[in-house]
J.: 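Structure below; questions to follow.
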Amino acid sequence: MGSRIPGFDYHRVEVADGVTLNTAVAGNGRPIMLLHGFPQTHLVWRHVAVELAADHTVICPDLRGYGDSDKPADPTGAAYAKRVMGDDIVALAQALGHERFALAGHDRGALVAIRTALDHPERVTHLASLDVLPTLDMWEVMHGVTAATGFHLYLMAQPADLPEQLIGASPDAFFGHFLDSWTRDPAAIPAEIRAEYLAASRAAVASIVADYRASATIDLEHDRADRAAGNTLGMPVTVLQQDWGAFLGFDAAALWSAWAPDLDHRTVGCGHFMAEESPGEITGAIRELVRR
């Protein structure tokens, strides 16, 4: 891809056998890892990352299966279990010299961040989740016609190779739908950045589908096991969400409280791509989080 975050150095870091992550790094100080979502790349953090790098070491990878990171073939989704992707994140931090780090994720990246924090509580000092529910809760709140807003979740849960063929037949229309309909301020994603997101997603249809397929199978199993065992997130947690609860009929703060005893839950007024639409608000919330 062409664009880079200004002032950041870029590295290819091996995190598993045959899997390297394209990673942008800058700054000094307590480390913060920023994980992007769908259908995007690490560039979603371009504003927030620059601000945080003034007093933190900021690490922005492309997740496995996305952007310029490696995309192992696995139509079952097992290679894209959030547990596996979370292990990537821990390995990345270690390779860069960080045993403990704060972690913020948006969308798919938030699901990776949540799983990383559950599996590696000794590594993750603080957790920020932007605009998702944990996988188990996400599926449980989807009911009736209103669940059509998440049609892509059901499409990409289908067995291989149906969603891959359907999405691959018109990828720009599919991925562009989300970039456009989930954004309240279109200017927040300039044309050149939008084009990069589309190009990156177009080149990653199979791995993106595998990522979503995992959330309808193995990720759900992992969340159920944690719920049954009473496992929670022991670190300070900040959650920023649109008011999906009002739309779908659930209490988002209550659902999150079951996972995160030390919770700061906030409803935002911007669209889904909040790190681009409201970067000052997101930067401020992350700074407040790491002071807790």
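Not measured: the values here are computed from a predicted model.
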J.: Checking side-chain hydrogen bond (donor to acceptor under 3.5 Å, both in side chains) for the pair T125/R100: CA distance, chi angles, key distance, verdict?
T.: CA-CA 6 Å; T125 63; R100 288 166 57 78; 5.5 Å; no
J.: Please list, chain by chain and in numerical order, all residues satisfying ring pair (Phe, Tyr, Trp, His ring centres under 6.0 Å) with H272, sequence neighbours excluded.
T.: H106, W182
J.: Only one of E276, E196, R108 clears side chain to side chain contact (heavy atoms under 4.5 Å, CB included) with Q40; which?
T.: E276
J.: Kindly indicate whether the side chain of L255, heavy atoms from C-beta on, has any atom under 4.5 Å from the side chain of E140.
T.: no
J.: Checking side chain to side chain contact (heavy atoms under 4.5 Å, CB included) against P39, which of F175, Y197, F174 comes through?
T.: F175
J.: Any chance you could lay out the side-chain contact (heavy atoms from CB on, under 4.5 Å) test for I286 and L34, step after step, and finish with the verdict?
T.: CA-CA 10 Å; I286 293 174; L34 305 175; 4.3 Å; yes
J.: Going by the side-chain hydrogen bond (donor to acceptor under 3.5 Å, both in side chains) test, which pairs reach into residues 235-255, not counting sequence neighbours?
T.: D131-Q242, D131-W244, T238-R292, Q241-H265
J.: May I have all residue pairs that pass ring pair (Phe, Tyr, Trp, His ring centres under 6.0 Å) and include part of residues 111-130, sequence neighbours excluded?
T.: none
J.: Test of understanding: clusters of I, L, V, M, F, W, Y form through side-chain heavy atoms closer than 4.5 Å, transitively. Do L289 and V237 belong to the same one?
T.: no
J.: Checking E277 against I189 for the side-chain contact (heavy atoms from CB on, under 4.5 Å) test, could you report, in this order, the C-alpha distance in whole Å, the side-chain angles of both residues, the deciding distance, and whether it holds?
T.: CA-CA 8 Å; E277 295 189 56; I189 304 180; over 6 Å; no
J.: Find out if a path of hydrophobic residues (ILVMFWY) with successive side-chain heavy-atom gaps under 4.5 Å connects V84 to Y66.
T.: no
J.: Please say which of D68, V13, T41 ends up in a side chain to side chain contact (heavy atoms under 4.5 Å, CB included) with N22.
T.: D68
J.: Please check if the side chain of Y154 supplies one atom and the backbone of A148 the other of a donor-acceptor pair under 3.5 Å.
T.: no
J.: Decide whether T283 and E51 meet the rule of one side-chain donor and one side-chain acceptor closer than 3.5 Å.
T.: no
J.: Who passes side chain to side chain donor-acceptor pair (under 3.5 Å) against R64, sequence neighbours left out?
T.: D88
J.: Does any N or O in the side chain of D74 come within less than 3.5 Å of the main-chain N or O of A79, such that one atom is a donor and the other an acceptor?
T.: yes
J.: Evaluate R115 against T135 for side-chain hydrogen bond (donor to acceptor under 3.5 Å, both in side chains), listing each step before the verdict.
T.: CA-CA 10 Å; R115 176 46 55 193; T135 300; over 6 Å; no
J.: Yes or no on side-chain contact (heavy atoms from CB on, under 4.5 Å) for D180 and R194, after CA distance, side-chain angles and deciding distance?
T.: CA-CA 9 Å; D180 297 338; R194 184 181 187 277; 2.9 Å; yes
J.: Are H42 and Y10 close enough that their ring centres sit under 6.0 Å apart?
T.: yes
J.: Considering residues at least two apart in sequence or located in another chain, which fulfil the side chain to side chain donor-acceptor pair (under 3.5 Å) criterion with T116?
T.: none
J.: For the residue pair L43 and I5, establish whether any side-chain heavy-atom pair is separated by less than 4.5 Å.
T.: yes
J.: Decide whether V209 and I218 are clustered together by the hydrophobic rule: side chain heavy atoms of Ile, Leu, Val, Met, Phe, Trp, Tyr closer than 4.5 Å, transitively.
T.: no
J.: Going by heavy atoms in the side chains, are L179 and F273 under 4.5 Å from each other?
T.: yes
J.: So, are D55 and R287 salt-bridged, with charged N and O less than 4.0 Å apart?
T.: yes
J.: With sequence neighbours excluded, what pairs up with H177 under the ring pair (Phe, Tyr, Trp, His ring centres under 6.0 Å) test?
T.: F151
J.: Determine yes or no for a side-chain-to-main-chain donor-acceptor pair under 3.5 angstrom, with D226 supplying the side chain and N231 the backbone.
T.: no
J.: Backbone N or O of G65 within a donor-acceptor pair of the S69 side chain at under 3.5 Å?
T.: no
J.: Please check: side-chain N/O of R213 versus main-chain N/O of Q158, any donor-acceptor pairing under 3.5 Å?
T.: yes
J.: Do W45 and V58 touch side chain to side chain, with heavy atoms closer than 4.5 Å?
T.: no
